[in-house]
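Read the structure below first, then the notes.
Just so we're on the same page: letters track the sequence lines, and every chain starts at 1.
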Protein chains: 2
Amino acid sequence: MTKPVVTATLVGQKSSLHDIFALPPGRALDICLRLQTAILEHRLAPGLKLVEDEVGEIYGASRTVVRAALQALAHSGLVSIEKNRGAFVAKPTIREAHEVFQARALIEPAVARLAAEAITNEQLARLEAHLEAEHAALADGDMGKALMLSGGFHIEIADIADHRVFARMVRSLISRSSLIIALYWKRSDTACESHSHHALMEAFQARDADAAESIQKSHIIDLHSGLDLRKKQEGGTTLSEALGRAG
Amino acid sequence: MTKPVVTATLVGQKSSLHDIFALPPGRALDICLRLQTAILEHRLAPGLKLVEDEVGEIYGASRTVVRAALQALAHSGLVSIEKNRGAFVAKPTIREAHEVFQARALIEPAVARLAAEAITNEQLARLEAHLEAEHAALADGDMGKALMLSGGFHIEIADIADHRVFARMVRSLISRSSLIIALYWKRSDTACESHSHHALMEAFQARDADAAESIQKSHIIDLHSGLDLRKKQEGGTTLSEALGRAG
DNA sequence: TGACTAAAAATTGTATACGATCTGAGATTG
DNA sequence: CAATCTCAGATCGTATACAATTTTTAGTCA
């Protein structure tokens with residue numbers, strides 16, 4: 001049962017969650033996080049409608065709370081809300097896909113530099129453990145888990161950089177990347193990814209900020225090039241079916 | 001009566017507002033924008049408490065709607081919400097001030113480059129008009145207006161770059177900068193600012209992307225250095241006093 | 001059959017009500 | 001007199017109810 005560890009990282013157990021959603025702790029935040037996890041795990045397909053009553057029923061909360069959660073998710077870009085029509089799992093356009101990866105290519109290398117300059121031994125160990133988990137998932141052929149861990153790796157770096165403004169941006173960009181990958185990923189060999197992360201790891205161990213920055217930049221450009229920006233997947237699943245009763 | 005034009009730019013008349021707050025059009029968005037304007041015009045001091053009933057009374061809406069608006073503002077970083085305590089106009093810390101300007105120094109030069117590459121003659125004219133208005137405000141000694149226009153200038157550039165992800169980031173960073181300046185600005189000679197904007201304008205006219213990028217970078221570093229990050233202003237005004245009945 | 005229309009059902013938008021929590025003034029005590 | 005305690009008022013958190021809007025369905029007519 002290693003999954004909870006994964007989701008905790010990607011979803012934001014560290015670096016105070018309410019900082020991400022600007023919501024005080026409470027049931028709304030809970031629902032927010034659960035839905036976010038479900039979306040990032042690709043259990044809720046892009047385009048799926050999130051009916052307020054239905055979500056409330058599943059998590060045992062009233063529409064008031066659910067609405068707050070959905071609104072928060074809309075701000076983070078994982079959900080889009082249309083007037084009088086409701087909330088839907090976001091379905092990034094091809095344009096947005098490009099933009100998100102352009103933004104990542106600008107911001108994450110700078111963040112990697114900061115992280116390389118500030119990283120402690122303890123954080124190094126943690127990051128290495130993360131990398132190993134990622135490697136293991138790849139060996140198992142568990143792609144969903146590997147992708148999740150891959151995102152978590154980037155987020156951990158942002159946390160190490162200890163820059164809240166950047167960290168928040170990175171978190172949002174990576175969440176959206178997860179959706180984008182769900183829709184547009186084409187490349188079969190995800191191995192290169194793990195390789196990039198390994199190279200990054202070495203740069204961190206050497207505290208080589210220049211290397212970290214440049215490796216991260218290549219890595220993200222590489223990811224960007226791994227997208228097929230023509231076809232688009234349709235989302236047909238049903239809500240309670242995907243979430244079950246526990247979510 | 002030139003102010004509405006100004007606020008319209010800073011607040012986001014262009015580039016579909018609901019994109020900024022991820023809120024569908026409606027009363028919540030209205031309140032959101034009015035409060036944002038009031039905050040950015042420094043009529044609502046950092047730290048001021050925004051009582052839900054009071055805001056609702058002023059704008060003629062129920063708490064339900066007001067809460068949605070406050071939550072949206074919290075996401076954009078202009079308001080902070082504390083559990084069981086309510087919403088307050090955000091009061092950026094010194095650390096956050098540094099971080100916001102570091103982020104601007106990274107992102108805005110890249111955005112300026114994009115804008116220089118894409119700018120049309122029409123947009124050039126618009127931008128020039130904006131610059132003139134800014135110059136006029138400075139000549140009048142109307143600092144509040146000048147600051148507002150200064151922020152608007154940066155936002156227009158982001159809109160010209162036509163990159164929604166960056167534009168949204170820039171908008172959020174500039175909003176927060178407005179608060180930061182309200183709290184920490186020290187320099188008396190705001191003239192240099194106008195000078196920087198002039199230099200940028202020339203780069204745009206020449207479609208010189210390199211120049212635009214580098215000028216923007218220096219400009220933001222310069223702004224950052226114009227902050228005094230020691231003292232902190234206290235906010236004591238009252239809500240309805242600042243907003244009046246019309247807001 | 002197919003397209004259009006109208007009524008019914010489902011869903012969202014908003015207001016209101018009530019319990020929970022916080023705040024501050026005044027009483028109490030060492 | 002200062003510090004603490006208690007309780008009333010203010011304010012927030014959440015559920016529920018009803019109005020407005022959209023979506024679906026059933027029916028009608030060409």
Tell me whether A:Asp159 is salt-bridged to A:Arg171, with the criterion being a basic N under 4.0 Å from an acidic carboxylate O.
yes
Below 4.0 angstrom, N of the basic side chain to O of the carboxylate: do A:Glu96 and A:Arg176 qualify?
yes
Between C1' on D:dT23 and CD on A:Glu82, what's the gap in Å once rounded to a whole number?
14 Å
N or O in side chain of B:Ser62 less than 4.0 angstrom from C:dA15 OP1/OP2:
yes
Return the value, rounded to whole Å, for the distance between atom CD of A:Gln71 and atom P of D:dG13.
14 Å
Trace of the side-chain contact (heavy atoms from CB on, under 4.5 Å) decision for B:Lys49 with B:Arg85
CA-CA 9 Å; B:Lys49 174 154 191 195; B:Arg85 296 209 46 230; 5.7 Å; no
Distance check needed: D:dT16 P versus A:Glu57 CD, whole Å only.
12 Å
Nearest-Å distance, CZ (A:Arg67) to P (D:dA15)?
14 Å
Could you write out each protein N or O paired with an N or O of nucleotides 18-22 of chain D at a distance under 3.5 Å?
{"unit_1": "D:dT21", "atom_1": "O3'", "unit_2": "A:Asn84", "atom_2": "ND2", "d": "3.3"}

Would you say A:His75's side chain and B:Phe21's backbone share a donor-acceptor pair under 3.5 angstrom?
yes
Return the value, rounded to whole Å, for the distance between atom CD of B:Glu52 and atom C1' of C:dA15.
14 Å
Would you kindly say whether B:Ser225 and B:Arg187 are connected by a side-chain donor-acceptor distance under 3.5 Å?
yes
note: A:Lys49, atom NZ; C:dA10, atom P; distance rounded to Å ~ 13 Å
Expressed in angstrom and rounded to an integer, what is the separation of B:Ile81 atom CD1 from D:dG13 atom C1'?
12 Å
Mind checking side chain to side chain contact (heavy atoms under 4.5 Å, CB included) for A:Ala158 and listing every partner two or more places apart, or none if nothing turns up?
A:Val111, A:Ala167, A:Val170
5' precedence on DNA chain D between A:Gly60 and B:Asp53 (nearest-nucleotide basis):
B:Asp53
Across the strands shown, which category fits B:Arg27 at heavy-atom distances under 4.0 angstrom: base, sugar-phosphate, nothing?
sugar-phosphate
Salt bridge (Lys or Arg N to Asp or Glu O under 4.0 Å) for A:Glu122 and A:Arg126? Distances and angles first, verdict last.
CA-CA 6 Å; A:Glu122 193 182 328; A:Arg126 206 182 135 83; over 6 Å; no
Please give, in whole Å, the distance from C:dT14 P to B:Asp30 CG?
10 Å
